[in-house]
> 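Got a structure for you, written out below as structure tokens; questions coming shortly.
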Amino acid sequence: MPYYRFRSGAVMDHIHSTPTHQALDVAPFGARLSAAHSSVLFKAEDLEVIRVVLRSGQSLPPHRVPGSVSLQCLEGRLEVLIGQTVHELGPKQLMHLPANMPHAVRAMEDSSAIATIVLCEA
């Protein structure tokens, strides 16, 4: 399986083969978090769902996407920087980001989250 690295050094397993209508386990990793990697859970023409895993201090640099994004923290704590404002996202919390909203994400502790991205023309 190929690996892609975020600029922060986080490893991402890139997966596009999850069959349609198949249930996926998105429960917190718990004790397995230290060995987990980010992965694309599925990608369709209009939607991409990614399991993001960041170690404490790792970050996703400032970026924007053309479609809406939701970020749901499953475990750990994340800081989401939107403009000059930092929002904290903890377990069982969900945040929506409108299309083209510049943002960055930093793990305050080892964390995993589900990012759902609406895909559209730039």
> Do V40 and E48 have side chains that approach each other closer than 4.5 Å (heavy atoms only, starting at C-beta)?
yes
> To the nearest 0.5 Å, what is the distance between CZ on F42 and CG on L47?
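Taking CZ in F42 and CG in L47, the distance rounds to 5.0 Å.
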> Would you compute the distance between atom CG of L78 and atom CD of Q58 and round it to the nearest 0.5 angstrom?
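The CD atom of Q58 is 11.5 Å from CG of L78, to the nearest 0.5 Å.
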> To check you understand the geometry: which heavy-atom pair defines the closest contact between L54 and A107, and what is its length?
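Minimum heavy-atom contact is CB-CB, 3.7 Å.
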> As an exercise, state the distance from OG of S38 to CZ of R51, rounded to the nearest 0.5 Å.
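So the gap between those two atoms works out to 9.5 Å.
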> Is there a side-chain contact between L71 and L94, using heavy atoms and a 4.5 Å cut-off?
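No, too far: nothing below the 4.5 Å cut-off.
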> Can you tell me how far CG of L97 sits from OG of S70, rounded to the nearest 0.5 angstrom?
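Answer for the OG-CG pair, S70 versus L97, is 8.5 Å.
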> Is there side-chain contact between I114 and I50, with heavy atoms separated by less than 4.5 Å?
no
> Could I get the full list of side-chain hydrogen bond (donor to acceptor under 3.5 Å, both in side chains) partners for Q72, not counting sequence neighbours?
none
> Please find the pair of heavy atoms, one from P61 and one from H63, that lie closest to each other, and give the distance.
O-ND1, 2.7 Å
> Could you check if a side-chain atom of I82 sits within less than 4.5 angstrom of a side-chain atom of M101, using non-hydrogen atoms only?
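I82 vs M101: side chains touch.
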> Enter the distance from T116:OG1 to L41:CG here, rounded to the nearest 0.5 Å.
8.5 Å
> Could you tell me whether the side chain of H87 reaches within less than 4.5 Å of the side chain of M95, counting heavy atoms only?
yes
> At what distance, to the nearest 0.5 angstrom, does OG of S34 lie from CG of D110?
7.5 Å
> Consider only side-chain N and O atoms of S56 and E109, and report whether a donor and an acceptor are under 3.5 Å apart.
no
> Within the structure provided, determine whether V69 and H96 are in side-chain contact (heavy-atom separation under 4.5 Å).
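SC-SC contact between V69 and H96 ruled out.
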> Is any side-chain heavy atom of P66 closer than 4.5 Å to a side-chain heavy atom of C120?
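Yes, close enough: below the 4.5 Å cut-off.
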